Amino acid sequence: MTLSQVAAQEFLDERLKALGLGSISRRRFAEICGRLLASGIIWREYSRPEAALYDDSSVIEELLREWFDSMGFVLVHDIDASIFRLYPPGEDGDDDDGVKRLRAKLSRDFGAAALALRFLYTEALTGKRQLVNQELALSLEELSQSVVSLLGTTLPGSVADRASLLRELRKHRIVRFKDIDGLGSMDTIFSVLRPVMSYVSDEALNEVLQLASARQELRRTKLAPLPEQASEPQASSVVNEHPGEARAKDTAE
């Protein structure tokens, strides 16, 4: 071990002792950093081990911020939700709180699902859906319908790919479910968790809602009857009798 490495470890031990009153070891510090780098989140309500990680992280929050800042990362602490979230460095700009510094290379399917889940969870908070212990129960079919209506896209076509998407969402503490046979089928039931509110910003959700509204308005304009055909209800009948075709057209647009 080099002198510089020894000096760094001694410095870290001194800071941990000062901030944590000796309760947080260097090994525990490494475990906390490893968890944040691996999953990007520590949520106190997720499990008992994660609650202990969160509590220890709160004790040495100042040191964690300094440590990650030296590498260009931003650590955000949502005290109300009991969440630490780590945002990796990137090239685009960030707001005053650093909340927009999420640059993880996530798939398009993941982004679409996260936005739709944020929308559905917001509906639950406003009383349009039922929350039980701050969790929203959904089926994959309901998520699929929301992705289509909000974003004009679809979930992955294969069961295996949809199961992989659910596992990625679970890794980021956005959903909770049990691994079962047939995971990824459209009748798979899972729970949307509170951290989705801090994962997808209000600005991102509002932008998606505006685009969805514009797309629906364009669709209504295209389906509107010509003046001389105003008395003929064929267009509305098509929408009512064949909603699947209407959704397909909306997706194509």
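It should be emphasised that the depicted structure is a prediction, and the values quoted were computed from it without experimental measurement. Just the heavy atoms: all of them, side chains too, but no hydrogens, waters or symmetry mates, feed the values below.
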*asked:* What I'd like to find out is whether the side chain of Pro195 reaches to under 4.5 Å of the side chain of Arg85, using heavy atoms alone.
replied: yes
*Relative to Phe84, does Arg35 satisfy both conditions: NZ or CZ under 6.0 angstrom from the six-membered ring centre, and within 45 degrees of the ring's axis?*
no
*Leu64/Cys33 under side chain to side chain contact (heavy atoms under 4.5 Å, CB included): CA gap, chis, key distance, verdict*: CA-CA 8 Å; Leu64 287 170; Cys33 291; 3.9 Å; yes
*Salt bridge between Arg176 and Glu135, side-chain N to carboxylate O under 4.0 Å?*
yes
_Minimum heavy-atom distance between Ala114 and Val196, given as atom pair plus value_ = O-CG2, 4.0 Å
_All salt bridge (Lys or Arg N to Asp or Glu O under 4.0 Å) counterparts of Asp179, not counting sequence neighbours_ = Arg167, Arg170
*Do Leu140 and Tyr121 belong to the same hydrophobic cluster, where Ile, Leu, Val, Met, Phe, Trp and Tyr are linked whenever their side-chain heavy atoms lie under 4.5 Å apart, directly or via other members?*
yes
*How far does CD1 of Ile189 sit from CZ of Phe177, to the nearest 0.5 angstrom?*
13.0 Å
*Do Leu115 and Leu150 come within less than 4.5 Å of each other through their side chains, counting heavy atoms only?*
no
*Considering non-hydrogen atoms only, spot the tightest contact between Leu183 and Val159 and give its length.*
O-CG1, 3.4 Å
*Mind listing the closest non-hydrogen atom pair of Ser39 and His172 along with its distance?*
O-ND1, 3.7 Å
*Start with the C-alpha distance between Gln134 and Glu45, add both sets of side-chain angles, then the distance that settles side chain to side chain contact (heavy atoms under 4.5 Å, CB included), and finish with yes or no.*
CA-CA 10 Å; Gln134 296 192 26; Glu45 305 303 320; over 6 Å; no
*Is there a side-chain contact between Phe190 and Val192 (heavy atoms, below 4.5 Å)?*
yes
*Rounded to the nearest 0.5 Å, how far apart are OG1 of Thr188 and CZ of Arg162?*
8.0 Å
_So, taking the atom named CG in Asp109 and the one named CD in Glu168, what distance separates them when rounded to the nearest 0.5 Å?_
11.0 Å
_Shared hydrophobic cluster, Ile60 / Tyr54 (ILVMFWY, side-chain heavy atoms < 4.5 Å)_ = yes
*With the 4.5 Å side-chain cut-off for hydrophobic clustering, are Leu120 and Leu155 part of the same group?*
yes
*Check whether any side-chain heavy atom of Tyr199 lies under 4.5 Å from a side-chain heavy atom of Arg118, and answer yes or no.*
no
*What are the two closest non-hydrogen atoms of Ala81 and Asp78, and how far apart are they?*
N-OD1, 3.2 Å
*Point-to-point distance, once rounded to the nearest 0.5 Å, from CZ of Arg65 to NE2 of His77*: 8.0 Å
*asked:* Met197 vs Leu125, test: side chain to side chain contact (heavy atoms under 4.5 Å, CB included). Steps then yes/no.
replied: CA-CA 10 Å; Met197 295 297 294; Leu125 291 176; 3.6 Å; yes
*asked:* Before you tell me yes or no, could you show the steps for Ile42 and Glu50 under side chain to side chain contact (heavy atoms under 4.5 Å, CB included), namely the whole-Å CA-CA distance, both residues' side-chain angles and the distance that decides it to 0.1 Å?
replied: CA-CA 6 Å; Ile42 293 176; Glu50 196 142 332; 3.9 Å; yes
_Is it true that, when you exclude Asn133 itself, more than 12 heavy atoms of the residues, nucleotides or ligands shown sit nearer than 6.0 Å to its CG?_
no
*Are any non-hydrogen side-chain atoms of Val74 and Phe68 less than 4.5 angstrom apart?*
no
*asked:* So, using ring-ring contact (aromatic ring centres under 6.0 Å, His included) as the criterion, who are the partners of Phe29 when residues are at least two apart?
replied: Trp67
*asked:* With a 3.5 Å distance limit and no angle check, can you tell me whether Ser213 reaches the backbone of Leu209 through a side-chain donor-acceptor pair?
replied: no
*With sequence neighbours left out, write down each residue that passes salt bridge (Lys or Arg N to Asp or Glu O under 4.0 Å) with Glu207, or none if nothing qualifies.*
none
_Non-hydrogen atoms of Ala116 and Ser146 that approach each other most closely_ = CB-CB, 4.1 Å
*asked:* With rounding to the nearest 0.5 angstrom, report the OG to CD1 distance, Ser57 to Ile83.
replied: 13.0 Å
*asked:* Could you report the tightest heavy-atom contact between Leu143 and Ala113, atom names first, then the distance?
replied: CD1-O, 4.0 Å
*asked:* Hydrophobic clustering (ILVMFWY, side-chain heavy atoms < 4.5 Å, transitive) - are Leu166 and Trp43 grouped together?
replied: no
*asked:* Any non-hydrogen side-chain atom of Leu117 less than 4.5 Å from a side-chain atom of Leu138?
replied: yes
*Roughly how far apart are Ile41 CD1 and Tyr87 OH, rounded to 0.5 Å?*
8.5 Å
*So, do Ser139 and Glu142 sit near enough that their side-chain heavy atoms are less than 4.5 Å apart?*
yes
*asked:* Would you say that Leu193 contacts Tyr46 through its side chain, given a criterion of any heavy-atom pair below 4.5 Å between the two side chains?
replied: yes
*Are Met71 and Leu36 joined in one hydrophobic group, where the rule is that I, L, V, M, F, W and Y side chains link up if heavy atoms are under 4.5 Å apart?*
yes
